[in-house]
Amino acid sequence: LLGYLLVTDVLSSRVAEPQLAHEIALSHAAIACARMALESKEAEPKQTYKQRAIDLVNEAKNRFGQSGLTRQAEDEIKAVK
């Protein structure tokens with residue numbers, strides 16, 4: 001998770017044009033957060049990870065549009081109750 005978030009931070013601050021690596025990093029970070037939420041037993045961390053996943057997938061969609069990666073991330077988020 002930390003690796004994906006680091007890549008998104010580095011790419012967002014240094015790349016003027018959309019890059020596939022950036023889209024992949026955002027989407028995979030969202031998937032990782034959704035899975036962390038799914039595995040969390042406590043309500044507060046679960047909600048925090050789920051919200052972060054939602055924020056990351058929305059950022060990916062805003063920057064790069066809907067894709068297979070963002071759809072996969074959204075499916076992972078929907079699995080979190």
Side-chain angles (χ1 to χ4, degrees):
L1 176 59
L2 183 58
Y4 290 129
L5 293 174
L6 180 60
V7 169
T8 62
D9 184 50
V10 169
L11 290 175
S12 66
S13 64
R14 296 189 182 157
V15 177
E17 297 178 19
Q19 299 287 325
L20 179 59
H22 193 184
E23 179 184 2
I24 291 169
L26 285 169
S27 297
H28 283 206
I31 290 167
C33 285
R35 289 180 181 173
M36 296 281 286
L38 192 60
E39 295 298 319
S40 181
K41 304 291 184 216
E42 298 177 24
E44 187 176 335
K46 181 182 287 277
Q47 185 57 35
T48 300
Y49 281 119
K50 183 177 181 179
Q51 186 57 52
R52 185 64 181 141
I54 291 167
D55 293 344
L56 287 164
V57 79
N58 285 339
E59 182 177 347
K61 286 170 39 179
N62 288 340
R63 288 177 181 251
F64 309 107
Q66 186 75 24
S67 70
L69 287 169
T70 56
R71 280 189 290 280
Q72 181 183 356
E74 289 173 327
D75 289 343
E76 295 274 350
I77 293 166
K78 287 178 187 173
V80 178
K81 302 295 180 206

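As the structure is a prediction and not an experimental result, all values here were calculated from the model.
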Let me confirm one number: the [atom1]-[atom2] distance from [X] to [Y], rounded to the nearest 0.5 Å.
X	Y	atom1	atom2	value
Leu26	Arg63	CG	CZ	6.5 Å
Lys61	Leu69	NZ	CG	13.0 Å
Glu23	Phe64	CD	CZ	6.0 Å
Glu74	Asn58	CD	CG	7.5 Å

Is any side-chain heavy atom of [X] less than 4.5 Å from a side-chain heavy atom of [Y]?
X	Y	result
Glu76	Val57	no
Gln47	Gln51	yes
Arg52	Leu56	yes

Grab the two heavy atoms, one from [X] and one from [Y], that are nearest each other, plus how far apart they are.
X	Y	answer
Ala73	Ser27	CB-O, 4.0 Å
Lys46	Lys81	CD-O, 3.4 Å
Ala30	Ala53	O-CB, 3.3 Å
Thr70	Ala60	CG2-CB, 3.8 Å
Lys50	Val80	NZ-O, 3.4 Å

